[in-house]
Visitor: 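Once you've had a glance at the structure underneath, I'll fire off some questions.
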Amino acid sequence: MRTQLLKADESSLKLAAELLKDGQVVGIPTETVYGLGADALNETAVRAIFAAKERPADNPLIVHVADFAELEPLCHVNDMARKLNEAFWPGPLTMILPKKDIVPTVVTAGLESVAIRMPAHPVAQRIIRLSGCPIAAPSANRSGRPSPTQAQHVFEDMDGRIPLIIDGGDSDVGVESTVVSLTGDTAVVLRPGGITPEMIAAVLGTCEVADSVMRPLREGEEAPSPGMKHKHYAPKAPMTLYAGQTAQVARRICAEYDAAKEDGEALILAAHDHLPLYGDRHVFDLGPTAASAAHALFAALRYADTLGVHRVFSEAYPEEGVGLALMNRMARAAGFDIVHV
Ligand code: AMP
Ligand code: MG
């Protein structure tokens with residue numbers, strides 16, 4: 001199959017909508033990361049997403065809508081969902097709600113709940129509206145690769161596997177949506193993202209965070225969000241995180257980097273303000289803030305893979321605000337190899 005990579009304009013969006021209506025899979029820009037979309041109500045089309053991604057069938061997909069009214073046929077809406085819709089949709093928040101029968105079980109990997117999001121990216125919204133279908137879409141990477149934040153990343157992973165990728169520029173947020181379960185009495189964040197637990201608590205009064213967010217699953221433990229049991233976001237080279245006071249962290253990373261250099265190329269990921277601490281060593285600039293680091297992280301991991309480095313060393317970030325989402329992804333990329341300096 002030849003894969004077209006087209007800039008977002010009215011004619012390419014119409015083509016995307018036609019392909020989606022026809023049961024095909026299309027690469028779509030969103031504000032979190034790029035998605036691999038198909039008609040959520042067409043079981044064959046949804047199976048094609050799993051095939052293109054090589055995604056395990058036990059990892060459910062997020063269904064994307066353009067209007068709150070579209071939830072009604074798909075799931076049982078409650079007050080928490082209405083309030084979060086008012087506050088954060090469209091945006092980087094996915095709600096887990098009890099599903100209705102119309103949603104094929106292949107979308108939810110057999111679960112009785114369904115994940116739903118209304119993306120803010122105008123291109124994603126336009127494609128959903130033109131297609132007239134709810135769009136099931138996981139991140140547009142091959143399973144086990146970092147999520148794509150640029151159309152070119154999607155092309156690297158999906159060339160020959162899908163007919164069309166729409167280029168809508170760099171993803172703004174850069175990490176996947178916050179996943180919040182609304183199936184119980186209180187909201188529980190299963191995966192941190194751009195909308196923080198603090199922001200959700202400000203709207204609902206309380207918000208819990210699943211305790212598996214910042215640690216590996218124990219042997220035999222069931223994942224609250226199935227995606228969390230799979231190895232995610234890992235670069236090819238082993239990666240280590242260093243937490244602690246800035247100057248000490250930098251000194252330690254420099255020493256580890258210099259030792260690693262004797263065996264080949266290595267890469268350091270560091271905050272912009274800390275760059276002078278690393279001299280002329282090879283550093284990927286994560287920008288000035290935790291938000292800029294979240295935006296840059298997946299591109300940094302892909303850069304490490306492209307360079308073929310054999311070690312990656314990264315500064316850790318405080319687990320507050322969007323730093324929780326950033327550290328959730330960084331810790332998984334590092335296989336939870338975190339050194340407290
Ligand atoms: P991705 O498609 O890569 O953005 O990942 C979607 C995430 O949403 C995965 O981590 C899934 O495990 C999670 N998810 C989707 N549906 C459900 C559900 N019904 N219950 C819990 N987590 C879900
Ligand atoms: Mg993913």
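Residue numbers run from 1 in the order of the sequence given. Counting convention: from 1, in listed order, for ligands and their atoms alike. None of the values given here were measured: they were computed from a predicted structure.
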Visitor: Working to the nearest 0.5 Å, report the span between CD1 of Ile28 and NE2 of His121.
Guide: 11.0 Å
Visitor: Parallel, tilted or perpendicular, judged at 30° and 60°: which one describes the rings of Phe284 and Tyr303?
Guide: tilted
Visitor: For side-chain hydrogen bond (donor to acceptor under 3.5 Å, both in side chains), just list the numbers for Arg329 and Ser147, CA-CA rounded to whole Å, side-chain angles, deciding distance to a tenth of an Å, and then say yes or no.
Guide: CA-CA 10 Å; Arg329 307 314 191 273; Ser147 293; over 6 Å; no
Visitor: Counting only heavy atoms closer than 4.0 Å, does ligand 1 sit against the backbone of Ile62, its side chain, both, or neither?
Guide: side chain
Visitor: Which ligand 1 atoms does Leu111 reach within 4.0 Å, using its non-hydrogen atoms?
Guide: 18 (C), 19 (N), 20 (N)
Visitor: Going by the atom numbers of ligand 1, which of them fall below 4.0 Å from some non-hydrogen atom of Pro138?
Guide: 2 (O)
Visitor: What are the atoms of ligand 1, with element, lying closer than 4.0 Å to any heavy atom of Ser113?
Guide: 18 (C), 19 (N), 20 (N)
Visitor: With a cut-off of 4.0 Å, which atoms of ligand 1 are near a heavy atom of Ser139?
Guide: 1 (P), 2 (O), 3 (O)
Visitor: Just jot down the side chain to side chain donor-acceptor pair (under 3.5 Å) partners of Ser171, sequence neighbours excluded, or say none.
Guide: none
Visitor: If we ignore hydrogens and angles and just use 3.5 Å, is the side chain of Glu70 paired with the main-chain N or O of Val65 as donor and acceptor?
Guide: no
Visitor: Out of curiosity, Met1 CE to Arg161 CZ, how far, rounded to the nearest 0.5 Å?
Guide: 10.5 Å
Visitor: Any atoms of ligand 1 less than 4.0 Å from a non-hydrogen atom of Arg55? List them with their elements.
Guide: 1 (P), 2 (O), 3 (O), 5 (O), 6 (C)
Visitor: So do Asn78 and Met95 actually touch side chain to side chain, heavy atoms under 4.5 Å?
Guide: no
Visitor: Could you pull out, from Ile96, Thr94, Asp58, the option with a heavy atom nearest to atom 21 (C) of ligand 1?
Guide: Ile96
Visitor: Using a heavy-atom cut-off of under 4.0 Å, does the side chain or the backbone of Asn59 touch ligand 1, or both, or neither?
Guide: side chain
Visitor: From the Mg ion (ligand 2) out to just under 2.8 Å, does an N/O/S atom of Ser139 turn up?
Guide: yes
